[in-house]
There are 2 protein chains.
Amino acid sequence: MKPKITLKDIARELDVSISTVSKALKNSKEISKDTKDRIKAFAKFYNYRPNNIALSLKNRRTKNIGVVIPDIVHHFFTTVFRGIEKYANSMGYNVIICISDESFDKEVINMEMLANGSIDGFILSLSAETQQKNDYTHLKELLDQGIPIVLFDRVTDEIACDKVVLNDKGISKQAVEHFIDKGAKKVALITTEEFFNVSESRREGYLEGLKDKGVSVDESLILTLPHGLDHTEHITTFFSNNKVDAVLCVNEIFAVQCMSIIQQLGYHIPNDISIIGFTDGILSKYSSPKLTTVAQHGEIMGAKAAKFLIDRMESLEMEEAPFKTEVINATLVKRGSTIN
Amino acid sequence: MKPKITLKDIARELDVSISTVSKALKNSKEISKDTKDRIKAFAKFYNYRPNNIALSLKNRRTKNIGVVIPDIVHHFFTTVFRGIEKYANSMGYNVIICISDESFDKEVINMEMLANGSIDGFILSLSAETQQKNDYTHLKELLDQGIPIVLFDRVTDEIACDKVVLNDKGISKQAVEHFIDKGAKKVALITTEEFFNVSESRREGYLEGLKDKGVSVDESLILTLPHGLDHTEHITTFFSNNKVDAVLCVNEIFAVQCMSIIQQLGYHIPNDISIIGFTDGILSKYSSPKLTTVAQHGEIMGAKAAKFLIDRMESLEMEEAPFKTEVINATLVKRGSTIN
DNA sequence: TATTAACACGAAACCGTTTTCGTAATTTTT
DNA sequence: AAAAATTACGAAAACGGTTTCGTGTTAATA
């Protein structure tokens with residue numbers, strides 16, 4: 001057992017003051033070459049490393065950033081997180097992660113814990129419950145205390161801060177137009193309940209895409225699936241009752257579920273029915289046929305969010321800089337589930 | 001802007017000493033009720049919260065644990081991480097995460113960064129490169145410094161510490177026996193290169209399962225896929241050249257790839273060929289037929305690892321406790337890709 | 001009434017750094 | 001040779017807490 005060595009230890013052993021040691025290790029020219037050499041050699045030999053906590057206290061910055069996401073098992077968040085981690089790490093920051101589990105209370109409690117000195121700033125995607133309650137006082141308080149926040153994907157207009165979002169609306173529109181361009185007449189949308197702003201945007205894009213192509217909206221072609229339940233039955237009855245040519249799903253799980261049900265019903269994909277899903281995850285790559293999806297470029301989003309945050313934290317007191325919103329362009333990855 | 005308030009601020013405003021404030025807030029009976037009430041009211045009003053960093057420095061413990069994993073996008077690690085996070089959080093710990101990206105250097109650098117005071121202990125799964133190099137000096141040094149480490153899944157005998165592993169061998173054996181019990185004669189294994197100790201164990205289990213059932217080993221039924229490439233061709237030629245009844249795959253990606261290739265070759269699953277994969281992830285649940293898999297219970301592993309670590313950290317100086325290895329029992333989740 | 005005990009609080013050390021400022025000792029300038 | 005400047009270092013404050021110990025007042029005991 002060889003416990004960590006401190007400046008004090010070095011000072012004692014070498015019979016100099018703590019300040020001298022500190023300065024010597026920082027190569028200060030206040031200290032003579034001889035003394036510096038002695039101290040450096042000793043420090044190296046005992047593998048001295050400054051204590052991060054003491055530094056944090058002194059500098060009043062931790063070089064930690066807090067990431068709060070609703071769910072880590074979800075592919076999209078995972079990729080965003082990876083982007084955050086990579087960029088943050090390259091800039092010398094560590095990442096403390098909290099999972100809100102879609103719960104308002106967890107989001108609040110975790111953030112308050114971290115805000116008491118553990119981190120210098122937050123990157124956050126709102127929990128479902130927070131979006132439902134529409135209560136953002138916890139975020140406002142943190143901003144009030146001077147702690148910077150960057151919101152991504154699940155954002156809100158209520159909070160003034162840097163944001164990184166996807167062009168959900170635009171890409172949905174594009175997907176719908178792609179369907180129609182390839183001959184589809186009846187385009188369905190399979191979506192979730194409305195308190196996610198992303199679902200909302202995707203629905204808008206869907207509607208706009210139809211409108212632009214001069215196709216009238218048929219509300220019965222929009223299937224809203226309840227949260228958390230098994231959807232097989234819903235989907236089966238939907239496709240039994242409606243003749244559709246193309247389906248846009250707001251996530252890849254819905255999409256592959258639709259695919260197998262559609263195939264069981266005897267339709268051919270993509271000849272009879274085309275499908276596009278959101279989230280270019282593992283399911284899309286290994287389904288058969290492979291799924292055409294909207295790539296959300298999570299890693300890019302994460303990196304951008306991290307850059308926003310770090311820029312703001314490091315531009316000392318340049319907090320006056322106006323808040324920016326970066327729109328990441330989703331792209332359509334065309335695979336076997338559509339006619340391309 | 002309403003910056004954080006400190007003990008000193010309260011002391012100044014209320015004209016008492018810092019020590020009095022500290023004691024009052026901790027409800028010390030050294031302080032009179034009157035004074036306590038005043039101080040508490042003031043603190044509450046200004047929403048005083050002690051600074052975590054200062055506490056860490058004083059107590060010489062951060063209540064942070066460092067998690068180092070090779071990859072966050074991989075489902076298994078994600079679930080383990082979730083288990084760690086949940087348990088740690090419930091015990092008042094925060095989690096700092098580093099992704100080694102299967103790189104030895106990243107593993108070393110990240111751990112050294114965190115070890116200088118930022119965390120009280122590590123939970124770690126070895127990177128592929130570390131296992132290849134078989135170099136664990138960085139871990140030994142940390143243990144030497146008195147920093148506890150818990151290893152999970154990708155472990156090594158070289159390091160004496162608490163460990164949490166899966167009974168890879170046992171469950172593989174069980175899977176093979178299940179195949180044979182249901183009538184399979186020719187059981188294939190599709191695996192990765194050998195520097196992962198888990199692949200090794202799974203292969204051993206496979207061999208043992210055959211042996212126990214009195215089936216002789218046919219080396220040509222073991223397909224080793226190279227790391228990172230596209231495997232379609234390998235798998236296709238494998239199944240074209242070999243008549244097999246059942247396939248055990250060491251991950252779910254291999255399994256679903258096999259499934260689609262097998263189906264394209266005109267075989268029926270599970271009637272002609274049965275399949276079992278490892279990792280009970282999203283692919284297994286949404287494939288058709290649904291995949292019979294080995295559930296690794298990552299969340300349980302994570303929780304157990306976190307418990308090991310926290311127990312050791314909190315049993316002050318009870319570091320004498322012998323190191324334990326917990327074996328998590330994987331289970332077979334029987335679905336449509338096997339005859340059950 | 002003198003002594004002791006209980007009460008209520010403050011001073012100071014400590015955790016491990018950085019940094020400002022002060023100051024002997026030496027060297028340079030006049 | 002006296003004054004000024006430079007060199008090389010140490011003392012101390014600061015970051016924000018906790019905790020031990022000391023002490024002046026009051027209350028209880030002899």
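All chains are named by letter (A, B, ...) in the order of the sequence lines, taking the proteins before the strands, and each is independently numbered beginning at 1.
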For residues 136-152 of chain B, please give each side-chain donor-acceptor pair under 3.5 Å, one per line with the distance, not counting sequence neighbours.
{"unit_1": "B/Tyr136", "atom_1": "OH", "unit_2": "B/Asn134", "atom_2": "OD1", "d": "3.0"}
{"unit_1": "B/Thr137", "atom_1": "OG1", "unit_2": "B/Asp135", "atom_2": "OD1", "d": "2.9"}
{"unit_1": "B/His138", "atom_1": "NE2", "unit_2": "B/Glu107", "atom_2": "OE2", "d": "2.8"}

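Rounded to an integer number of Å, the gap from CD1 of A/Ile5 to P of C/dT17 is 10 Å. A/Arg60 has its CZ atom 14 Å from the P atom of C/dT19, to the nearest Å. In this structure, CZ of A/Arg12 is placed 13 Å from P of C/dC14, rounded to the nearest angstrom. Between B/Lys8 atom NZ and C/dG10 atom P the separation is 16 Å, expressed in whole Å. Here C/dT18 presents its C1' atom at 14 Å from CZ of A/Arg61, a figure rounded to the nearest Å.
Look at A/Thr6 and you won't find any side-chain N or O under 4.0 angstrom from OP1 or OP2 of C/dC15.
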Going through the distances and angles, do A/Tyr93 and A/Asn64 end up as a side-chain contact (heavy atoms from CB on, under 4.5 Å)? CA-CA 5 Å; A/Tyr93 283 77; A/Asn64 288 156; over 6 Å; no
Given the rule in the salt bridge (Lys or Arg N to Asp or Glu O under 4.0 Å) test, do B/Lys40 and B/Asp37 qualify, once you have shown the distances and angles that lead to the verdict? CA-CA 5 Å; B/Lys40 284 185 190 167; B/Asp37 288 347; 5.3 Å; no
Derivation of the salt bridge (Lys or Arg N to Asp or Glu O under 4.0 Å) call for A/Lys86 and A/Glu299: CA-CA 9 Å; A/Lys86 273 191 190 167; A/Glu299 206 160 327; 3.0 Å; yes
Go through the steps for A/Val327 and A/Leu166 under the test side-chain contact (heavy atoms from CB on, under 4.5 Å), then give the verdict. CA-CA 5 Å; A/Val327 179; A/Leu166 201 75; over 6 Å; no
Take B/Arg312 and B/Asp162, measure what salt bridge (Lys or Arg N to Asp or Glu O under 4.0 Å) needs, and give me the verdict at the end. CA-CA 9 Å; B/Arg312 196 162 286 274; B/Asp162 292 319; 2.7 Å; yes
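When the C1' atoms of four end pairs are superposed on the next four at each end of the helix from C/dT1-D/dA30 to C/dT30-D/dA1, using five pairs per end, the two resulting axes differ in direction by 70°, to 10°.
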Under 3.5 Å, which protein N or O atoms sit close to an N or O of nucleotides 11-13 of chain C? Give each pair with its distance.
{"unit_1": "C/dA11", "atom_1": "N7", "unit_2": "B/Ser19", "atom_2": "OG", "d": "3.3"}
{"unit_1": "C/dA11", "atom_1": "N6", "unit_2": "B/Ser19", "atom_2": "OG", "d": "3.2"}

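At the heavy-atom level, A/Ser22 lies under 4.0 Å from base atoms of the strands shown.
Residues A/Val95 and A/Ala88 come closest through the heavy atom pair CG2-CB, 3.9 Å. Closest approach of A/Lys106 to A/Ser103, counting heavy atoms only: N-OG, 3.0 Å. When every heavy atom of B/Ser17 is checked against every heavy atom of B/Thr20, the shortest pair comes out as OG-OG1, 2.9 Å.
Using a 4.5 Å cut-off on side-chain heavy atoms (C-beta onward), A/Val80 and A/Phe76 make contact.
The footprint of chain B on DNA chain D, defined by a heavy-atom cutoff below 4.0 Å, extends from D/dC15 to D/dC21.
Aromatic rings of B/Phe42 and B/Tyr46 (six-membered ring for Trp) have centroids within the 6.0 Å cut-off, being under it.
Two residues, B/Lys36 and A/Glu30, neighbour DNA chain C, and the one matched to the more 5' nucleotide by heavy-atom proximity is B/Lys36.
For the segment residues 37-56 of chain A, no residue has any heavy atom less than 4.0 angstrom from an atom of DNA chain D.
Using a distance-only test at 3.5 Å, with no hydrogens or angles considered, a donor-acceptor pair links the side chain of A/Lys36 to the main chain of A/Ser28.
Annotation: side-chain contact (heavy atoms from CB on, under 4.5 Å) contacts of B/Asn59 (sequence neighbours excluded): B/Leu55, B/Arg61.
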